[in-house]
Amino acid sequence: MPVYFSRKAPKLWRKICIEASIEVSLLAENWKVVLAGLVFQYIHGLAAHGVHYLHRPGPTLQDVGFLLIPWTFHPFFFQSKRIYTVLLWCRILAYLGACQILRIMTFYATQLPGPNYHCREGSKFARLPPPDSALEVIFINFPWGVIYGCGDLIFSSHMIFTLVFVLTYKKYGTIRYLKQFAWLLALIQSLLIIASRKHYTVDIVVAWYTVNLTVFFLDKKLPELPDRSSSSTSPRLPP
């Protein structure tokens, strides 16, 4: 076993170096897209924090999910790698950004009383006092602004991330049972989010069809990722 590993180690290391150099070159070409996607993740967090200032606690809305569900209820150096990691992440960030823009528009259009325990009347976290400084807004009152957010309900950010990654793996992944397992986990997570009262059922339902439709239409507009399993292997392979 040690002899076998020692023979394979140089080849594996060379493979890692080749893949790393390709990904770095792709990152150098696409760094603006990656940076824009990461910056928008912060903007989305800023918007979610900002709507908390507008949140007004009230009676929890009647929700069929609450009635039915009781409270609380590939490493990149493998030869089989089909898609370049940097290009895949550019696509994922595009999906996330488009869905989050729609989410920001909806939760600012109408603020619902949050169903979570810390968003209800009588909780000191249900409403935020006006910020003392711009820094309090810029840093999202970390970590309390992240943990105790209220008002950013329709639609669920948890499901945006889950469904985007599930849909991405469904298209570009290769292991069939993992695809089926991912959909099962997404369904279970949907039920757990409702059970924990993080969201209303409508937030989950809207997320399911909005994210799927957004990814579907973006796929029609974005250029397809090059498939490395075809004969046209990357022209950027280093000498």
Side-chain angles (χ1 to χ4, degrees), residues 36-69 71-73 91-120 125-128 140 145-171 182-222:
L38 294 176
V39 168
F40 193 80
Q41 297 308 300
Y42 168 74
I43 294 174
H44 172 258
L46 199 64
H49 179 59
V51 79
H52 195 167
Y53 290 104
L54 304 177
H55 177 258
R56 296 296 178 266
T60 304
L61 305 181
Q62 183 170 325
D63 188 286
V64 66
F66 292 177
L67 297 176
L68 297 177
I69 305 175
W71 186 274
T72 63
F73 172 66
R91 205 173 190 88
I92 289 173
L93 290 171
Y95 294 154
L96 291 175
C99 293
Q100 288 166 339
I101 288 173
L102 295 175
R103 180 173 188 261
I104 291 170
M105 291 169 60
T106 55
F107 67 61
Y108 268 103
T110 302
Q111 292 89 48
L112 302 180
N116 214 334
Y117 70 96
H118 63 265
C119 298
R120 301 183 180 185
F125 298 109
R127 297 179 65 176
L128 290 182
I140 319 178
V146 176
I147 300 172
Y148 294 107
C150 298
D152 57 326
L153 293 173
I154 298 178
F155 45 97
S156 169
S157 180
H158 297 76
M159 293 311 302
I160 288 178
F161 280 90
T162 299
L163 291 173
V164 161
F165 283 105
V166 170
L167 288 167
T168 303
Y169 190 78
K170 173 180 175 291
K171 182 171 183 178
W183 283 116
L184 178 61
L185 285 182
L187 179 60
I188 293 173
Q189 178 176 306
S190 301
L191 299 176
L192 292 178
I193 290 173
I194 298 171
S196 64
R197 303 305 188 253
K198 291 288 290 183
H199 279 279
Y200 292 107
T201 305
V202 65
D203 306 337
I204 305 301
V205 172
V206 172
W208 269 89
Y209 65 74
T210 302
V211 175
N212 276 277
L213 287 173
T214 301
V215 171
F216 174 79
F217 284 111
L218 275 180
D219 269 338
K220 300 293 184 182
K221 300 294 184 181
L222 295 174

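Position 1 is the first residue of the sequence; numbering continues from there.
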A.B. asks: With no hydrogens and no angle check, is any side-chain donor or acceptor of Ser196 less than 3.5 Å from a backbone partner on Ile193?
C.D. replies: yes
A.B. asks: Would you check if the side chain of Tyr169 reaches a backbone N or O of Ala182 as a donor-acceptor pair within less than 3.5 Å?
C.D. replies: no
A.B. asks: Which residue is it: Val206, Thr106, Val202, Leu112? I am looking for the one with a side-chain contact (heavy atoms from CB on, under 4.5 Å) to Leu153.
C.D. replies: Leu112
A.B. asks: Against Val215, only a single residue in Val211, Leu218, Leu213 fulfils side-chain contact (heavy atoms from CB on, under 4.5 Å); can you say which?
C.D. replies: Val211
A.B. asks: Measuring from Gln41:CD to Leu38:CG, what's the distance to the nearest 0.5 Å?
C.D. replies: 7.0 Å
A.B. asks: Test your reading of the model: is there a side-chain donor-acceptor pair from His199 to the backbone of Phe155, 3.5 Å cut-off?
C.D. replies: no
A.B. asks: Looking at Asp63 and Tyr200, would you say the former's side chain and the latter's main chain have a donor-acceptor pair under 3.5 Å?
C.D. replies: no
A.B. asks: Looking at every heavy atom in both Pro59 and Pro113, which two are closest together, and how far apart are they?
C.D. replies: O-CG, 3.7 Å
A.B. asks: Using modelled atom types only, decide if a donor and an acceptor are shared between the side chain of Asn116 and the backbone of His118 within a distance under 3.5 Å.
C.D. replies: no
A.B. asks: With a 4.0 Å cut-off, would you call Arg103 and Asp152 a salt bridge?
C.D. replies: yes
A.B. asks: Tell me if a side-chain donor or acceptor on His55 pairs with a main-chain N or O of Gly114 at a distance below 3.5 Å.
C.D. replies: yes
A.B. asks: Taking atom CG of Leu54 and atom CZ of Arg127, what is their separation to the nearest 0.5 Å?
C.D. replies: 10.5 Å
A.B. asks: Checking the side chain of His52 only, and the main-chain atoms of Phe125 only, is there a donor and an acceptor separated by less than 3.5 Å?
C.D. replies: yes
A.B. asks: I need the minimum non-hydrogen distance between Ala186 and Thr162, along with the two atoms involved.
C.D. replies: CB-CG2, 3.8 Å
A.B. asks: Find the distance between CG (Leu96) and CZ (Phe40) and round it off to the nearest 0.5 Å.
C.D. replies: 10.0 Å
A.B. asks: Quick check for you: to the nearest 0.5 Å, what is the distance between Cys99 atom SG and Asn212 atom CG?
C.D. replies: 9.0 Å
A.B. asks: Test your reading of the model: is there a side-chain donor-acceptor pair from Tyr108 to the backbone of Val51, 3.5 Å cut-off?
C.D. replies: yes
A.B. asks: Please check if the side chain of Asp219 supplies one atom and the backbone of Phe216 the other of a donor-acceptor pair under 3.5 Å.
C.D. replies: no
A.B. asks: Any side-chain heavy-atom pair from Tyr209 and Thr214 closer than 4.5 angstrom?
C.D. replies: no
A.B. asks: Measure the CD1-CD distance between Ile160 and Gln100 for me, rounded to the nearest 0.5 Å.
C.D. replies: 5.5 Å
A.B. asks: Do you know which two heavy atoms are closest between Gly149 and Cys119, and how far apart they sit?
C.D. replies: O-SG, 3.7 Å
A.B. asks: Rounded to the nearest 0.5 Å, what separates atom OH in Tyr42 from atom NE2 in His49?
C.D. replies: 9.0 Å
A.B. asks: Quick check against the 3.5 Å criterion: does Arg120 have a side-chain atom that pairs as donor or acceptor with the backbone of Pro115?
C.D. replies: yes
